[in-house]
There are 2 protein chains.
Amino acid sequence: MKKTNITIKDIARKLGVSPSTVSRALKDHPDISPQTKKEIQELASSLNYQPNSVALSLRQSKTHTIGVIIPEIAHFFFSAVISGIEDIAHSAGYHVIITQSNESFEREVMNTKALFNSRVDGIMLSISRETNNYQHLQNLLDNNVPLVFFDRMVESLNACKVIVNDEQGAYEATTHLIEQGYYRIAHLAGPQNLGISKNRLNGYKAALADNKYMMDDNLVKVCGLGTYEEAEAITNELLDYRFPPDAIFSNNDVAAYGAMTAIKKRGLRIPEDVAIVGFSNWRFSSLIQPALSSVTQPGFKMGQEATRLLMKQIALGDDEEAITETISLKTNLVVRESSLKKKKPAVS
Amino acid sequence: MKKTNITIKDIARKLGVSPSTVSRALKDHPDISPQTKKEIQELASSLNYQPNSVALSLRQSKTHTIGVIIPEIAHFFFSAVISGIEDIAHSAGYHVIITQSNESFEREVMNTKALFNSRVDGIMLSISRETNNYQHLQNLLDNNVPLVFFDRMVESLNACKVIVNDEQGAYEATTHLIEQGYYRIAHLAGPQNLGISKNRLNGYKAALADNKYMMDDNLVKVCGLGTYEEAEAITNELLDYRFPPDAIFSNNDVAAYGAMTAIKKRGLRIPEDVAIVGFSNWRFSSLIQPALSSVTQPGFKMGQEATRLLMKQIALGDDEEAITETISLKTNLVVRESSLKKKKPAVS
DNA sequence: AACGTCTTCGCAATCGTTTGCGTAAATTGA
DNA sequence: TCAATTTACGCAAACGATTGCGAAGACGTT
């Protein structure tokens with residue numbers, strides 16, 4: 001059995017017509033007589049003819065494929081984004097090539113080159129934790145490759161962006177802690193080269209300010225890695241203070257969980273002694289004990305919106321001005337037991 | 001600024017040579033004089049020439065792309081598999097197109113067709129929960145498309161398979177419960193159209209038999225959906241028995257967690273009153289309380305092995321016999337608090 | 001000097017499809 | 001009946017790269 005995909009030429013030969021006639025007949029071109037058209041179409045479908053999309057791509061210089069660079073597929077939030085991307089892309093007839101940077105700058109650059117090289121029609125990405133240099137992305141823009149950032153974007157680059165309103169989310173989370181009566185609220189911040197981390201920090205500060213809380217820099221600790229272990233160690237530093245915090249707003253859920261562990265190991269109670277709110281609403285957050293309050297990000301919707309923007313840009317003519325829209329999606333605070341001092345624990 | 005990828009022709013024109021000379025010079029063909037070769041290579045690199053991979057694909061009828069169909073990216077195990085796939089594929093110069101079936105038969109068929117249509121060099125897949133009809137896969141085989149199953153495979157199809165030794169994993173999990181002194185061990189089984197579910201059930205049965213435990217069909221309950229809620233309800237049925245189980249081995253971790261909830265709601269203790277062991281070692285399993293014992297599947301390695309098999313098959317000539325190797329990977333039982341009656345809880 | 005050989009390069013076909021243009025044959029109009 | 005359209009199709013180039021073959025010129029050999 002040999003791999004023998006049938007082509008337009010095969011059909012042409014069998015029917016004694018030219019390939020061009022077959023091509024036109026298959027796309028219902030008016031120049032072809034109904035009789036010929038019918039014969040060709042019937043033969044094509046009986047032979048289960050499938051146009052060679054590689055040849056099409058070459059002819060039209062369009063691959064109908066978009067590339068995605070994501071820090072880590074295993075992250076639930078990003079999985080949701082991917083699903084959103086696929087949702088829109090597939091229904092627009094596009095394929096999706098997914099690559100992971102694994103939070104490595106080097107791999108991000110490699111993936112960018114590889115995608116560019118395989119002539120994808122557009123690229124969507126969320127930059128890695130390590131990325132500080134944006135030359136590889138500037139190259140894309142210089143080559144007129146449609147580009148859309150999602151979640152983690154580069155402020156200075158002139159491209160479409162879809163972000164969640166991190167500041168608003170952080171603001172709400174912090175406000176919630178304030179309303180619950182906590183008065184010494186710490187923040188486990190993320191790496192400050194990521195815009196999202198800065199925004200969350202800003203939201204935290206804004207909430208404190210709006211409520212006439214004094215800002216205490218000692219209560220803001222940067223967790224550069226965002227890991228469980230790091231957060232546990234840093235939380236221990238906080239708890240060692242003469243006047244330790246009675247609430248912690250964490251930049252991410254894993255760090256929040258690390259903080260919870262540190263708290264529990266000291267025999268302190270959550271949320272009575274120390275309250276916790278995380279960010280991202282990982283899947284495990286509703287399962288741990290006590291269930292962790294967290295700020296949800298609309299991942300699926302983010303994927304959808306980013307893809308819509310990309311499609312719009314791909315559809316643009318070469319002479320038209322590139323669009324550089326920015327869409328900001330609202331976050332949502334999910335309150336669970338870890339921060340509920342006043343009311344009864346909600347059923348998660 | 002126009003998108004203007006430079007081609008071999010551009011280089012040829014600028015240097016007053018023919019495209020064929022450029023092509024040969026760039027790949028160090030001996031027919032080209034060192035002088036010409038040098039000029040061409042220098043111009044190419046100064047222009048940052050990148051060969052058009054679409055044209056290459058057309059010429060060589062090879063896209064250097066493999067397609068992956070996965071039930072759900074968000075599942076941690078599958079994320080790990082994807083990482084393993086990318087690891088091998090990228091270092092072999094292959095791209096990876098990932099698609100999700102979302103456990104839907106219809107989408108699985110659609111994805112299969114789409115991948116076939118875009119002329120990927122091979123396909124790797126894990127069938128969806130719904131899939132009972134394998135015609136779409138048989139079509140692939142009939143068209144000589146290299147195919148590798150991973151995790152969830154179709155026994156009857158003549159293709160490469162990489163599976164985890166589910167039976168061994170289930171056997172070990174059950175044996176562990178027996179060794180801990182539990183004597184009425186229930187099993188929350190998965191949908192029996194999936195081979196993996198059947199194998200896990202068999203492992204459970206084998207362990208009971210080898211230890212002279214009587215098999216009680218009432219203690220085996222099928223959880224078709226594998227959801228938290230379903231498992232909770234079914235566990236309640238088990239606990240309603242006059243002689244309820246004192247241990248549960250679950251086909252998957254989410255169901256195990258549902259069971260834990262049912263048990264806790266009745267005021268029963270884990271593992272003193274009822275022990276639990278899950279399957280798949282989801283990320284949350286080490287985080288919940290008590291930490292859930294679970295059988296780990298080597299996802300990353302599975303992705304690697306499956307990709308190696310696929311590469312091997314792609315490299316095969318058209319006349320050579322297709323290989324149909326099956327690789328079985330060992331699972332590993334991670335013992336945590338949820339099943340440790342005898343010893344002190346291990347640090348997870 | 002004539003012939004053979006090697007070096008170095010170009011021609012043209014090819015992969016599968018699309019499409020502008022040309023052109024026979026069929027049809028129409030007066 | 002003859003010219004003007006219209007109909008229905010084929011030719012050939014194009015997308016970008018590769019490659020078998022041929023060939024011109026340089027060089028060596030006898």
Side-chain angles (χ1 to χ4, degrees), chain A residues 2-41 43-44 47-65 93 116-121 143 318, chain B residues 2-41 43-44 47-65 93 116-121 143 318:
Chain A
K2 269 234 319 276
K3 190 165 178 174
T4 167
N5 283 317
I6 53 154
T7 72
I8 265 189
K9 290 185 189 174
D10 298 331
I11 300 182
R13 207 174 308 124
K14 293 201 191 200
L15 258 46
V17 296
S18 79
S20 23
T21 302
V22 176
S23 170
R24 280 189 261 253
L26 289 177
K27 45 180 44 186
D28 218 27
H29 193 286
D31 264 11
I32 308 299
S33 75
Q35 164 68 13
T36 316
K37 213 177 271 186
K38 184 154 166 277
E39 282 179 27
I40 292 178
Q41 287 171 348
L43 182 59
L47 255 46
N48 191 26
Y49 164 74
Q50 302 285 359
N52 184 322
S53 53
V54 177
L56 276 178
S57 296
L58 179 59
R59 184 86 225 284
Q60 311 172 339
S61 350
K62 281 206 63 184
T63 54
H64 287 279
T65 301
F116 175 74
N117 238 281
S118 62
R119 304 291 201 274
V120 293
D121 293 343
N143 280 287
D318 268 348
Chain B
K2 270 234 319 280
K3 189 164 178 176
T4 165
N5 284 318
I6 53 156
T7 72
I8 263 190
K9 290 185 189 173
D10 297 330
I11 300 182
R13 208 173 309 123
K14 293 201 190 201
L15 257 46
V17 296
S18 79
S20 22
T21 304
V22 177
S23 171
R24 282 189 260 253
L26 289 176
K27 47 179 44 185
D28 218 28
H29 193 285
D31 266 9
I32 307 298
S33 76
Q35 166 68 12
T36 315
K37 212 177 268 185
K38 185 155 164 277
E39 282 180 28
I40 292 178
Q41 286 170 348
L43 182 60
L47 257 46
N48 192 25
Y49 164 75
Q50 302 285 0
N52 184 322
S53 51
V54 177
L56 278 178
S57 295
L58 179 59
R59 185 85 225 283
Q60 311 172 339
S61 340
K62 281 206 62 184
T63 54
H64 286 279
T65 301
F116 176 74
N117 237 280
S118 62
R119 303 293 201 272
V120 292
D121 292 344
N143 280 286
D318 268 348

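The chains referred to below are lettered A, B, ... by the order of the sequence lines, with proteins before strands, and numbering in each begins at 1. Since this is a predicted model, take the numbers as computed values, not measurements.
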Taking the side chain as everything from C-beta on, heavy atoms only, tell me whether [X] gets closer than 4.5 Å to [Y].
{"X": "Ile8(A)", "Y": "Tyr49(A)", "answer": "yes"}
{"X": "Asp10(B)", "Y": "Leu47(B)", "answer": "no"}
{"X": "Asp28(B)", "Y": "Gln41(B)", "answer": "yes"}
{"X": "Asn52(B)", "Y": "Asn5(B)", "answer": "no"}

Hey, is the side chain of [X] poking within less than 4.0 Å of OP1 or OP2 on [N], counting only N and O atoms?
{"X": "Lys27(A)", "N": "dT18(C)", "value": "yes"}
{"X": "Tyr49(B)", "N": "dA17(D)", "value": "yes"}
{"X": "Lys9(A)", "N": "dT14(C)", "value": "no"}
{"X": "Thr36(B)", "N": "dC9(C)", "value": "yes"}

With sugar-phosphate meaning primed atoms plus P, OP1 and OP2, does Leu58(B) contact a base, only sugar-phosphate, or nothing at under 4.0 Å between heavy atoms?
->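 It contacts base atoms.
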At their closest point, which heavy atom of Ala44(A) faces which heavy atom of Leu26(A), and how far apart are they?
->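 Ala44(A) and Leu26(A) have their closest heavy atoms at CB-CD2, 3.7 Å.
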Give the minimum heavy-atom separation between Thr63(A) and Ser57(A), together with the two atoms involved.
-> CA-OG, 3.5 Å
Protein-nucleotide distance ([X], atom [atom1]; [N], atom [atom2]), rounded to Å:
{"X": "Lys62(A)", "N": "dG16(C)", "atom1": "NZ", "atom2": "P", "answer": "23 Å"}
{"X": "Asn52(A)", "N": "dC15(D)", "atom1": "CG", "atom2": "P", "answer": "18 Å"}
{"X": "Lys37(B)", "N": "dT7(C)", "atom1": "NZ", "atom2": "C1'", "answer": "12 Å"}
{"X": "Ile11(B)", "N": "dA17(D)", "atom1": "CD1", "atom2": "C1'", "answer": "12 Å"}
{"X": "Gln50(B)", "N": "dA17(D)", "atom1": "CD", "atom2": "P", "answer": "11 Å"}
{"X": "His29(B)", "N": "dT19(D)", "atom1": "NE2", "atom2": "P", "answer": "8 Å"}
{"X": "Leu26(B)", "N": "dA17(D)", "atom1": "CG", "atom2": "C1'", "answer": "11 Å"}
{"X": "Gln35(A)", "N": "dC9(D)", "atom1": "CD", "atom2": "P", "answer": "9 Å"}

Interatomic spacing from NZ in Lys37(A) to CG in Asp31(A) - rounded to 0.5 Å =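 One gets 8.5 Å once the value is rounded to the nearest 0.5 Å.
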Closest-nucleotide 5' rank along DNA chain C - winner of Gln60(B) and Ser33(B) = Ser33(B)
Please list, pair by pair, any protein nitrogen or oxygen found under 3.5 Å from a nitrogen or oxygen in nucleotides 10-13 of chain C.
from	atom 1	to	atom 2	distance (Å)
dG10(C)	OP1	Ser18(B)	N	3.2
dG10(C)	OP2	Ser18(B)	N	3.0
dG10(C)	OP2	Ser18(B)	OG	2.9
dG10(C)	OP2	Thr21(B)	OG1	2.0
dG10(C)	O6	Arg24(B)	NH2	2.6
dC11(C)	N4	Ser20(B)	OG	3.1

